[in-house]
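Structure first, then comments.
When a ligand or atom number is given, it counts from 1 through the structure's own listing order.
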Amino acid sequence: MPAYFDHAATTPLSALATSALVEQMAKIGNASSLHSPGRLIRKDVEEAREQIAGLVDANPSEIIFTGSGTEANNLALKGFYWKAHAQDPQRRVVLISAIEHHAILDPAEWLDEHEGAELVFIPVTSAGSVDLVFLTDFVQRRGSEIAVIAVMHSNNETGTLQPIAEVVAIAGDIPVHTDAVQSFGKVDFSFSQLGVTSATISAHKIGGPLGVAALILRRGLDLTPILHGGGQERDIRSGTLNAPSIVSFAAAAQESTSKMAERAIYIRSLKKYLVESLFAIFPDITVNGDQTHSLPGIVNITFPGTESDGLLLLLDAEGFYCSTGSACSAGVPRPSHVLLAMGVSERDARSSLRFSLSFSNTRAEIDQLCEVIGSVVHRARAALARG
Ligand SMILES: Cc1ncc(COP(=O)(O)O)c(C=O)c1O
């Protein structure tokens, strides 16, 4: 029986989210139209907005719907940079953690290459957590030059949770953006308590549809938009509102949040079982990242002497699906920048796999994986040794 261990890449649409999506798709109207059908769609969108806002502890006006987490991250980083830089040309520094997803890393590099920004990385510890000593020192020395700080809420490759409240305290009045795409629906997340300026959440990581996400942006703030058009979403994100996906996103958010605590206990126990079972077979494996301050379902393991892409494909042939890190960079045989930033050697970074579990996975699936993984790793090691 095949087993899917790649829920951090995307996870199936839940039954509730599917019915919300299908029901909404049957309705006619554009949420911006003034006629009755349009107003009814607007009502559905605003109810979804209120529901999501309630779940992340934000004000409904702080939710800006976007077409993806990638878009929300781009909007925050570029929007804050352009705004700060326009107000004070001295503010050129874009300060991001060294372990950000490509949806932050690449726009930051783009700002550096094309918009006159200076990109600075906050290093991380060997456990994969941002170095607060570096951050404090940097903010003290060059705070007046920083346009925006971005530190993800949890890392998508290792699952390590980041000390966001501390980052916010150190940042003072510099805007702080957090990419909470992997955290929302998996661990407690309160926008107002964290005190960040903005945060990203995405529907398809929590049982909602692909192609809808949100930037949560502190009330009263505006951003230089990327898209110009109909002026939807406080004029920050133009484009006809994707009402079916938004309504379905809210259904998935409600479901995953209400079941979060119960699921987290189960998923964490499953992760422990996976790690213990793998250690019993391979005493030389390493688990990367902090396992105490972590998401319940993500585990990143180095299998020494293997090439991760080869290992992934051998497992795929046996019906077990996992990842070499971020799906967005899969296919490009580069060692993970996240593991390298943690001080993992390039050789070990090239020998690492991410398993991401959900409430739908079972111990039996892990037992089945463990039945084949010995021979799979043996073949992967032999392939690497042959060159
Ligand atoms: C941490 C993180 N940020 C951003 C994204 C991108 O989100 P989306 O797929 O909605 O564009 C992902 C997806 O893998 C992610 O894991």
Side-chain angles (χ1 to χ4, degrees), residues 4-13 17 52 56 63-78 96-110 124 128-130 150-162 164 167 176-187 189 196 198-216 226-227 237 239 242 245-246 248-250 252-253 256 289 294-300 321-332 336-339 341 353-358:
Y4 185 79
F5 297 128
D6 201 15
H7 291 274
T10 196
T11 199
L13 195 64
I52 293 174
V56 295
I63 306 291
I64 294 170
F65 289 113
T66 63
S68 65
T70 302
E71 184 193 333
N73 278 342
N74 269 260
L75 180 56
L77 210 69
K78 293 175 182 168
I96 70 168
S97 88
I99 55 166
E100 293 299 303
H101 186 275
H102 279 280
I104 286 287
L105 178 59
D106 290 21
E109 284 175 350
W110 182 85
V124 296
S129 183
V130 280
V151 177
M152 66 203 318
H153 194 272
S154 60
N155 183 264
N156 50 296
E157 294 188 33
T158 62
T160 304
L161 290 165
Q162 301 299 316
I164 302 300
V167 171
V176 176
H177 172 73
T178 193
D179 175 347
V181 163
Q182 293 293 346
S183 290
F184 175 53
K186 316 282 170 48
V187 289
F189 178 79
V196 286
S198 60
T200 295
I201 57 175
S202 179
H204 75 102
K205 309 290 186 182
I206 56 162
L210 288 152
V212 63
L215 179 69
I216 313 167
I226 296 177
L227 301 180
R237 201 280 186 176
N242 182 351
S245 295
I246 289 170
S248 176
F249 183 9
S256 59
S294 63
L295 294 175
I298 294 185
V299 62
N300 189 300
Y321 312 123
C322 60
S323 154
T324 54
S326 163
C328 310
S329 57
V332 186
S336 147
H337 67 281
V338 173
L339 298 182
L353 286 184
R354 175 188 75 181
F355 296 88
S356 48
L357 311 175
S358 103

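- For ligand 1, the polar-atom distance check finds no N/O of Ala9 at less than 3.5 Å from any of the ligand's N/O atoms.
- In this structure, the side chain of Asn300 engages the main chain of Glu157 through a donor-acceptor pair within 3.5 Å.
- Closest heavy-atom approach to atom 10 (O) of ligand 1 within the set Ser202, Ser183, Ser323, Ala103: this belongs to Ser202.
- Below 4.0 Å from some heavy atom of His204 lie the following atoms of ligand 1, by number and element: 8 (P), 9 (O), 10 (O).
- Using a 4.0 Å cut-off to heavy atoms of Ser68, the atoms of ligand 1 that qualify are 10 (O), 11 (O).
- For Ala250, the side-chain contact (heavy atoms from CB on, under 4.5 Å) partners are Ala48, Gln51, Ile52, not counting sequence neighbours.
- From Ile96, atom CD1 reaches atom CG of Asp179 across 11.0 Å, with rounding to the nearest 0.5 Å.
- Screening Ile63, Ile206, Thr66, Ile216 for a side chain to side chain contact (heavy atoms under 4.5 Å, CB included) with Ile201, the sole residue that qualifies is Ile216.
- Contact analysis leaves Glu71 out of contact with ligand 1, as no non-hydrogen atom separation drops below 4.0 angstrom.
- Any N or O atom pair closer than 3.5 Å counts here, and Lys205 shares at least one such pair with ligand 1.
- Side chain to side chain, His177 and Thr200 meet the donor-acceptor criterion of an N or O pair below 3.5 Å.
- A donor-acceptor pair is defined here as one N or O able to donate and one able to accept, closer than 3.5 Å; no such pair exists between the side chain of Ser154 and the backbone of Gly159.
- By heavy-atom distance, the residue among Asn156, Asp179, Thr70 lying nearest atom 2 (C) of ligand 1 is Asp179.
- Between His102 and ligand 1 there is no heavy-atom distance shorter than 4.0 Å.
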